[in-house]
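Both backbone and side-chain heavy atoms feed into the values below; hydrogens, waters and symmetry mates do not.
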Amino acid sequence: MREDQPCKVVCRIKLDAESTKNFKEKIDDEYRVNMILDNLPVAVLRQRRDGSQSTTYEHGFRVGFKGNYAGSKEKYFINNHLSFRVMFHKDTETDAARIVGFEVTPNSINHEYKDWDEKNPQVTTCNKDTKNLVPGSTVPQEVDLGKEVVFTYDVTFKESDIKWASRWDTYLLMNDDQIHWFSIINSLMIVLFLSGMVAMIMMRTLYKDISNYNQLETQDEAQEETGWKLVHGDVFRAPNNYGLLCVYVGTGVQIFAMTLVTMIFALLGFLSPSNRGGLMTAMVLLWVFMGIFAGYSSARLYKMFKGTEWKRNTLKTAFMFPGVLFVIFFVLNALIWGEQSSGAVPFGTMIALVCLWFGISVPLVFVGSYLGFKKPAIEDPVKTNKIPRQIPEQAWYMKPLFSILIGGILPFGAVFIELFFILTSIWLNQFYYIFGFLFIVFIILIITCAEITIVLCYFQLCSEDYYWWWRSYLTAGSSAFYLFLYSIFYFFTKVEITKLVSGILYFGYMVIVSYAFFVLTGTIGFYACFWFVRKIYSSVKID
């Protein structure tokens with residue numbers, strides 16, 4: 001600490017065929033080397049593109065670069081000399097200091113030496129007196145078969161005014177907050193437009209409809225009813241596969257609770273990127289503990305549908321979504337293992353995850369389910385007829401597939417720009433630290449999902465089609481389909497992945513994300529629609 005190191009030799013290696021090929025591949029793919037000092041990632045200083053004086057950090061330094069040296073054809077050069085600059089902040093009372101910055105300047109130097117001393121190797125390319133690189137000797141180190149590479153480094157310490165508490169600020173500088181504001185205003189437009197539609201339906205149509213329906217009773221015209229009131233005897237009929245619907249709604253509530261609490265924690269600054277893996281750990285733990293809500297909401301719905309096999313329903317709620325996730329994750333992890341990458345999740349951690357799932361999540365789902373079943377069933381506001389009525393021929397734009405696909409466009413449109421930043425931070429090695437924006441976008445997503453579902457559900461009931469249970473779930477959930485399409489587009493335009501395993505990993509993780517997004521948005525849509533339908537049918541007098 002605080003001792004400048006002159007040019008220090010680390011080691012020398014002779015490049016054989018395999019390491020030459022390896023280095024060239026890594027340089028071609030622009031691989032970066034990441035190092036950590038006192039929990040700070042190493043950074044390379046970069047000037048801002050817009051010509052302003054402020055600098056930004058790039059995480060990690062490149063393995064090497066390609067170039068033409070002295071007019072030859074393009075060759076590969078490796079960064080084999082690192083100049084580290086460590087910034088420290090001195091305490092005024094004591095003489096102690098804390099590290100507040102860690103920068104590197106990578107260089108490529110063809111080192112020369114007279115004779116190699118294993119114990120204390122010296123290279124002539126470093127100046128003994130100034131302890132620095134000899135000027136004029138900077139021939140870059142080429143990567144080629146049989147070449148010898150000497151790795152060296154030097155360290156300088158520099159006092160800095162940055163306080164230890166704010167040492168992460170340079171890493172988290174946001175250069176593009178205008179884009180975020182633009183995206184939020186764009187999303188708010190969508191929300192306002194939808195809210196207007198919902199308000200119009202609620203006020204004009206429903207108010208008119210309900211007052212009409214309630215006046216009709218006095219006259220003899222009551223035989224010729226039209227619109228949504230006609231299906232009052234069928235609208236609360238349990239759908240096909242209602243057990244599965246309960247499971248998905250329960251899981252959605254669990255994801256929703258997890259997302260909400262994680263975001264609130266992140267907003268309050270508990271999950272800063274300086275705490276490595278903090279976000280993932282928080283999400284897994286919260287997911288496990290939110291199992292109680294999943295069991296409860298799934299059971300309430302199941303009891304309303306007069307379901308009998310409540311244990312089976314609870315088991316499905318506890319295992320269906322996590323099971324699918326775990327299988328995909330396990331396969332992806334096996335692939336990473338096969339590549340012998342350090343990014344693989346160790347076997348012990350996998351066991352720990354399974355223990356969390358079986359030991360905490362599953363029992364909590366059962367507890368929630370038990371509490372849900374003890375409560376009295378939700379009463380329908382209108383009686384259901386014995387015989388289901390016929391559904392008239394529907395117009396092409398009211399067909400299930402079309403209206404479901406239309407429903408997903410707006411919620412996706414609302415989160416689309418923020419999504420770009422999240423994908424960039426996951427796949428392109430950036431920090432994501434704009435939880436404030438993310439929270440606003442999340443709220444907008446909830447409102448959009450709820451409103452689009454209510455609007456489409458109303459049109460559906462008006463055309464006397466009462467199969468709204470699954471339809472409301474899928475209408476909002478279809479935004480996940482667009483999310484997946486976007487991730488395919490992103491893969492081909494932004495990410496330069498050539499290896500098969502990396503491609504499988506990308507799509508594997510995007511499937512998991514899209515699936516979770518489907519369950520989350522679907523549940524929001526379902527509950528909005530459920531509330532809406534109960535509301536309108538409880539306000540009509542029905543003989």
Is there a donor-acceptor contact under 3.5 Å from the side chain of Ser479 to the main chain of Ala476?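 Between the backbone of Ala476 and the side chain of Ser479 there is a qualifying donor-acceptor contact (under 3.5 Å).
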Strictly distance-based, threshold 3.5 Å: is any side-chain N or O of Ser478 a donor or acceptor partner for the main-chain N or O of Gly408?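 Yes; at least one donor-acceptor contact below 3.5 Å.
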Give a yes or no on this: more than 12 heavy atoms of other residues, nucleotides or ligands lie within 6.0 Å of atom [atom1] of [X].
{"X": "Phe193", "atom1": "CZ", "result": "no"}
{"X": "Phe484", "atom1": "CZ", "result": "yes"}
{"X": "Met280", "atom1": "CE", "result": "no"}
{"X": "Asp161", "atom1": "CG", "result": "no"}
{"X": "Glu18", "atom1": "CD", "result": "no"}

Can the ring centres of [X] and [Y] be said to be less than 6.0 Å apart?
{"X": "Tyr76", "Y": "Phe23", "result": "no"}
{"X": "Tyr515", "Y": "Phe321", "result": "yes"}
{"X": "Trp181", "Y": "Phe437", "result": "yes"}

[X] vs [Y] side-chain heavy atoms within contact, under 4.5 Å:
{"X": "Phe435", "Y": "Met263", "result": "no"}
{"X": "Met35", "Y": "Leu82", "result": "yes"}
{"X": "Asp115", "Y": "Tyr113", "result": "no"}
{"X": "Phe491", "Y": "Ile497", "result": "yes"}
{"X": "Pro6", "Y": "Asp154", "result": "no"}
{"X": "Tyr153", "Y": "Val9", "result": "no"}
{"X": "Trp287", "Y": "Pro322", "result": "yes"}
{"X": "Val42", "Y": "Ile36", "result": "no"}

Applying side chain to side chain donor-acceptor pair (under 3.5 Å) as the test, list every pair that has at least one member in residues 409-420; sequence neighbours left out.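 Every pair satisfying side chain to side chain donor-acceptor pair (under 3.5 Å) with a residue in residues 409-420: His180-Glu418, Glu418-Tyr432.
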Going through the distances and angles, do Tyr473 and Tyr527 end up as a ring-ring contact (aromatic ring centres under 6.0 Å, His included)? CA-CA 8 Å; Tyr473 194 97; Tyr527 272 119; 9.5 Å; no
Working to the nearest 0.5 angstrom, can you tell me the gap between [X] [atom1] and [Y] [atom2]?
{"X": "Ile292", "Y": "Ile360", "atom1": "CD1", "atom2": "CD1", "answer": "12.5 Å"}
{"X": "Trp168", "Y": "Asn39", "atom1": "CH2", "atom2": "CG", "answer": "6.0 Å"}
{"X": "Ile78", "Y": "Ser108", "atom1": "CD1", "atom2": "OG", "answer": "7.5 Å"}
{"X": "Thr349", "Y": "Asn333", "atom1": "OG1", "atom2": "CG", "answer": "9.0 Å"}
{"X": "Ser83", "Y": "Glu103", "atom1": "OG", "atom2": "CD", "answer": "11.5 Å"}
{"X": "Phe526", "Y": "Ser297", "atom1": "CZ", "atom2": "OG", "answer": "10.0 Å"}

Lys/Arg-Asp/Glu bridge criterion (N-O < 4.0 Å) met for [X], [Y]:
{"X": "Asp29", "Y": "Arg62", "result": "no"}
{"X": "Asp28", "Y": "Lys66", "result": "yes"}
{"X": "Glu58", "Y": "Arg32", "result": "yes"}
{"X": "Asp144", "Y": "Lys24", "result": "yes"}

Start with the C-alpha distance between Leu505 and Ile336, add both sets of side-chain angles, then the distance that settles side chain to side chain contact (heavy atoms under 4.5 Å, CB included), and finish with yes or no. CA-CA 8 Å; Leu505 277 182; Ile336 308 180; 3.8 Å; yes
What's the verdict on side chain to side chain contact (heavy atoms under 4.5 Å, CB included) for Val284 and Leu353, showing C-alpha distance, side-chain angles and the deciding distance? CA-CA 9 Å; Val284 170; Leu353 283 175; 3.8 Å; yes
Less than 3.5 Å apart, which donor and acceptor atoms pair up between the side chains of residues 438-453 and the rest of the protein, not counting sequence neighbours?
from   : atom 1 : to     : atom 2 : distance (Å)
Thr448 : OG1    : Ile444 : O      : 2.5
Glu451 : OE1    : Ser195 : N      : 3.1
Glu451 : OE1    : Ser195 : OG     : 3.1
Glu451 : OE2    : Ser195 : OG     : 2.8
Thr453 : OG1    : Cys449 : O      : 2.5

Nearest heavy-atom neighbours spanning [X] and [Y]:
{"X": "Ala257", "Y": "Met290", "result": "CB-SD, 3.7 Å"}
{"X": "Val123", "Y": "Cys7", "result": "CG2-SG, 4.5 Å"}
{"X": "Val44", "Y": "Gly60", "result": "CG2-O, 3.4 Å"}
{"X": "Leu267", "Y": "Gly436", "result": "CD2-CA, 3.4 Å"}
{"X": "Phe517", "Y": "Ala480", "result": "CD2-CA, 3.8 Å"}
{"X": "Leu15", "Y": "Thr20", "result": "CB-OG1, 3.5 Å"}

Here's a test for you: under side-chain contact (heavy atoms from CB on, under 4.5 Å), which of His81, Gln141, Glu148, Arg12 qualifies with His111?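 Testing His111 for a side-chain contact (heavy atoms from CB on, under 4.5 Å) against His81, Gln141, Glu148, Arg12 leaves exactly one candidate, His81.
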Candidate list Thr521, Val519, Leu260, Thr523, test side-chain contact (heavy atoms from CB on, under 4.5 Å), partner Ile255, passing option: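 Between Ile255 and the candidates, side-chain contact (heavy atoms from CB on, under 4.5 Å) is satisfied uniquely by Val519.
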Going by atom types alone, do Tyr31 and Glu25 pair a side-chain donor with an acceptor below 3.5 Å?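 No pair is found: no donor N or O on one side chain lies under 3.5 Å from an acceptor on the other.
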Return yes if a side-chain donor-acceptor contact under 3.5 Å exists between Asp16 and Ser19, otherwise no.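 Present: a donor and an acceptor within the cut-off.
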My understanding is that only residues two or more places apart in sequence, or in another chain, count here; which of them pass side chain to side chain donor-acceptor pair (under 3.5 Å) with Thr156?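 Testing Thr156 for side chain to side chain donor-acceptor pair (under 3.5 Å), a comparison that skips the adjacent residues, returns none.
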If the test is ring pair (Phe, Tyr, Trp, His ring centres under 6.0 Å), which one of Phe157, Phe88, Phe84 qualifies with Phe102?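 For Phe102, the ring pair (Phe, Tyr, Trp, His ring centres under 6.0 Å) check succeeds only for Phe84.
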Begin with the C-alpha distance, continue with both residues' side-chain angles, and end with the deciding distance and a verdict on side chain to side chain contact (heavy atoms under 4.5 Å, CB included) for Phe329 and Val345. CA-CA 10 Å; Phe329 185 65; Val345 175; 3.6 Å; yes
Please work out which of the three classes, parallel, tilted or perpendicular, describes the rings of Phe65 and Phe77, given edges at 30° and 60°.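 Judged by the thresholds at 30° and 60°, the geometry between Phe77 and Phe65 is tilted.
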Using the six-membered ring wherever Trp is involved, compare the ring planes of Tyr490 and Phe420 and label them parallel, tilted or perpendicular (cut-offs 30° and 60°).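 Tyr490 and Phe420: perpendicular rings.
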Test side chain to side chain contact (heavy atoms under 4.5 Å, CB included) applied to Leu364 and Phe293, step by step: CA-CA 8 Å; Leu364 279 178; Phe293 296 117; over 6 Å; no
